[in-house]
Engineer: 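What follows is a structure written as structure tokens; I'll ask about it next.
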2 protein chains.
Amino acid sequence: MGYSISQVAEKFDLTAHTIRYYDKEGLLPFIDRNKAGNREFSDGDLEWVKLICCLKNTGMPIKQIKLYIEWCLQGDDTLEIRRQMFIDHRKEVLKQMDDLKENLKTIDYKLELYDSGCSIPLNGNKS
Amino acid sequence: MGYSISQVAEKFDLTAHTIRYYDKEGLLPFIDRNKAGNREFSDGDLEWVKLICCLKNTGMPIKQIKLYIEWCLQGDDTLEIRRQMFIDHRKEVLKQMDDLKENLKTIDYKLELYDSGCSIPLNGNKS
DNA sequence: TTAACACTTTGAGTTAGCTCTAAGTCAAGT
DNA sequence: ACTTGACTTAGAGCTAACTCAAAGTGTTAA
């Protein structure tokens, strides 16, 4: 039977509004409609939505995701460029994780200070 | 002597525009001016800028950071609420790292497919 | 058949976080 | 004295990603 837009929204913690917006932006050109004209998502479509969420949640802009979808539609000629996109994006995700780890250190340091009951004045270090 | 706005911008990979914007938004109420009226950052100020960047880069909204700065200005009465803020924020950073790891798995899976030279049709799984 | 409800579209509005422009000030170098 | 260049402000403009409103259509339940 397929899934309705609100079922998909629920499943991926999006709103139906957002999914329609993605569709309008060209991220979901493959979604079928039923006789009533409503979007009907197949299990295969859910995999695409999952990938789109993955890319979006790792900071890829909507426009770049749209480009990727277009490459997919173009067929095997774009296999290599798509592969390269994932290689590049993977590198960025690793960078994000590194940055996050670095920032976690700063936060942990602040927490140590707060846990030790130490008050830090704003104008602490004016030299 | 202190640092000029563009030196600080350079150091933290921001623009002078952005630093003025942060100042306008109330994130830098403690920055001194020289006789010419230009902002002059001390070494202690740089620590504050570093913390602000850390919070911003881990997803804390400008308004929340501003609130934190205000709490700092209010003195020791707000020590506990500030400590709690860091505890909460730390949790969110850990969540971000988890999410990133999850998404990395999806990306690695896609890369495996692309590396195996396997073409995946768009309408793959219509049931 | 009527009400409720989930869906549809177009297009406007919102928010966060910058980003830039215009017009001007100030200090240093020639 | 004049030019250069970094700084200042107020305020407008921009982009991404939603978010919503209005008006309408189609299906289901009483």
Side-chain angles (χ1 to χ4, degrees), chain A residues 1-42 45-46 49-70 89 92 96 99 103, chain B residues 1-42 45-46 49 51-69 89 92 96 99 103:
Chain A
M1 257 246 34
Y3 308 86
S4 73
I5 196 168
S6 52
Q7 284 174 315
V8 177
E10 166 105 69
K11 211 182 266 282
F12 290 97
D13 203 23
L14 301 167
T15 67
H17 283 311
T18 301
I19 293 174
R20 282 192 208 102
Y21 164 71
Y22 288 169
D23 195 4
K24 193 167 57 179
E25 293 301 305
L27 268 48
L28 303 167
F30 42 80
I31 303 300
D32 286 338
R33 304 293 181 119
N34 59 21
K35 322 131 219 155
N38 297 359
R39 291 172 187 80
E40 198 167 278
F41 293 72
S42 71
D45 295 336
L46 293 196
V49 176
K50 185 188 167 189
L51 180 61
I52 287 166
C53 288
C54 165
L55 295 175
K56 187 208 64 170
N57 290 332
T58 49
M60 185 178 287
I62 301 291
K63 279 181 186 171
Q64 174 64 54
I65 301 175
K66 176 199 165 96
L67 204 51
Y68 168 73
I69 299 289
E70 282 168 359
H89 191 59
E92 284 185 23
Q96 288 178 41
D99 290 350
N103 285 322
Chain B
M1 257 245 35
Y3 307 86
S4 73
I5 195 169
S6 52
Q7 285 174 315
V8 177
E10 166 103 67
K11 211 181 265 285
F12 290 98
D13 204 24
L14 301 167
T15 67
H17 283 312
T18 302
I19 293 175
R20 284 192 206 100
Y21 164 71
Y22 288 169
D23 194 4
K24 195 165 58 177
E25 293 300 307
L27 267 49
L28 303 168
F30 43 79
I31 303 300
D32 286 338
R33 303 295 180 116
N34 61 19
K35 322 132 218 150
N38 296 0
R39 290 171 187 81
E40 200 168 276
F41 293 72
S42 71
D45 293 338
L46 293 196
V49 175
L51 181 61
I52 286 167
C53 287
C54 165
L55 295 175
K56 186 207 64 169
N57 291 332
T58 48
M60 185 177 287
I62 302 291
K63 279 181 188 172
Q64 174 63 55
I65 301 176
K66 176 198 164 99
L67 204 51
Y68 168 73
I69 298 289
H89 191 60
E92 284 185 23
Q96 288 178 42
D99 290 349
N103 285 322

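Quick caveat, the model's predicted, so the values are computed rather than measured.
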Engineer: So do the side chains of A/F41 and A/I19 get within less than 4.5 Å of each other, counting heavy atoms only?
Structural biologist: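 Heavy-atom side-chain distance check passes, below 4.5 Å.
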Engineer: Rounded to whole Å, please give me the gap between CG in B/N38 and C1' in C/dC26.
Structural biologist: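 Distance check: B/N38 CG to C/dC26 C1' gives 8 Å.
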Engineer: What residues, two or more places apart in sequence or in another chain, satisfy side chain to side chain contact (heavy atoms under 4.5 Å, CB included) together with A/Y21?
Structural biologist: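 Scan of A/Y21 (side chain to side chain contact (heavy atoms under 4.5 Å, CB included), adjacent residues dropped) gives A/E25, A/I62.
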Engineer: Closer than 4.0 Å, any side-chain N/O of B/R39 to the OP1 or OP2 of D/dT9?
Structural biologist: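 Answer is yes, contact under 4.0 Å.
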Engineer: Would you find a donor on one side and an acceptor on the other, under 3.5 Å apart, between the side chain of A/D45 and the backbone of A/S42?
Structural biologist: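 Side chain of A/D45 to backbone of A/S42: a pair is present.
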Engineer: What is the distance, to the nearest angstrom, from the CD1 atom on A/I19 to the C1' atom on C/dT8?
Structural biologist: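 One finds 14 Å between C1' of C/dT8 and CD1 of A/I19, rounded.
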Engineer: Are the side chains of B/R20 and B/R39 in contact, using a 4.5 Å heavy-atom criterion?
Structural biologist: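 Yes, side chains in contact.
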Engineer: Measure CD/B/E25 against P/D/dA10 and give the value in whole Å, please.
Structural biologist: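 Going from CD in B/E25 over to P in D/dA10 covers 13 Å.
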Engineer: Can you tell me if B/R20 touches the phosphate of C/dT21, counting only side-chain N or O atoms and a distance under 4.0 Å to OP1 or OP2?
Structural biologist: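 Checking C/dT21 against B/R20, no side-chain N or O comes under 4.0 Å of OP1 or OP2.
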Engineer: Nearest whole Å is fine: how far is C/dA6 P from A/E10 CD?
Structural biologist: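 To the nearest whole Å, that distance equals 12 Å.
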Engineer: Any non-hydrogen side-chain atom of B/H89 less than 4.5 Å from a side-chain atom of B/T58?
Structural biologist: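 The answer is yes; the side chains approach within 4.5 Å.
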Engineer: Below the 4.0 Å mark, does C/dC7 have OP1 or OP2 next to a side-chain nitrogen or oxygen of A/S4?
Structural biologist: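 The answer is yes; a side-chain N or O of A/S4 sits under 4.0 Å from OP1 or OP2.
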Engineer: Tell me the interatomic distance from B/Q64, atom CD, to C/dT15, atom P, rounded to whole angstroms.
Structural biologist: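 B/Q64 atom CD is separated from C/dT15 atom P by 18 Å.
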Engineer: To the nearest Å, how far apart are B/K66 NZ and C/dA16 P?
Structural biologist: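 From B/K66 NZ to C/dA16 P: 13 Å.
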Engineer: If we only count heavy atoms from C-beta on, is the B/Q96 to B/D99 side-chain gap below 4.5 Å?
Structural biologist: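 Of all side-chain heavy-atom pairs linking B/D99 with B/Q96, none is under 4.5 Å.
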Engineer: Answer whether the closest heavy-atom distance between the side chains of A/I5 and A/I31 falls below 4.5 Å.
Structural biologist: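 No, every pair of side-chain atoms sits at 4.5 Å or beyond.
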Engineer: C/dC7 P sits how many Å from A/D23 CG, rounded?
Structural biologist: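 Taking atom P of C/dC7 as the reference, CG of A/D23 is at 14 Å.
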Engineer: What is the per-nucleotide protein-contact pattern of nucleotides 15-30 of chain D, from the 5' end, where B denotes a base atom under 4.0 Å from a protein heavy atom, S denotes such proximity for sugar-phosphate atoms only, and - denotes neither?
Structural biologist: -SBBBB-----S----
Engineer: Over how many whole Å does the gap from B/I65 atom CD1 to C/dA16 atom P extend?
Structural biologist: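 Between P of C/dA16 and CD1 of B/I65: 13 Å.
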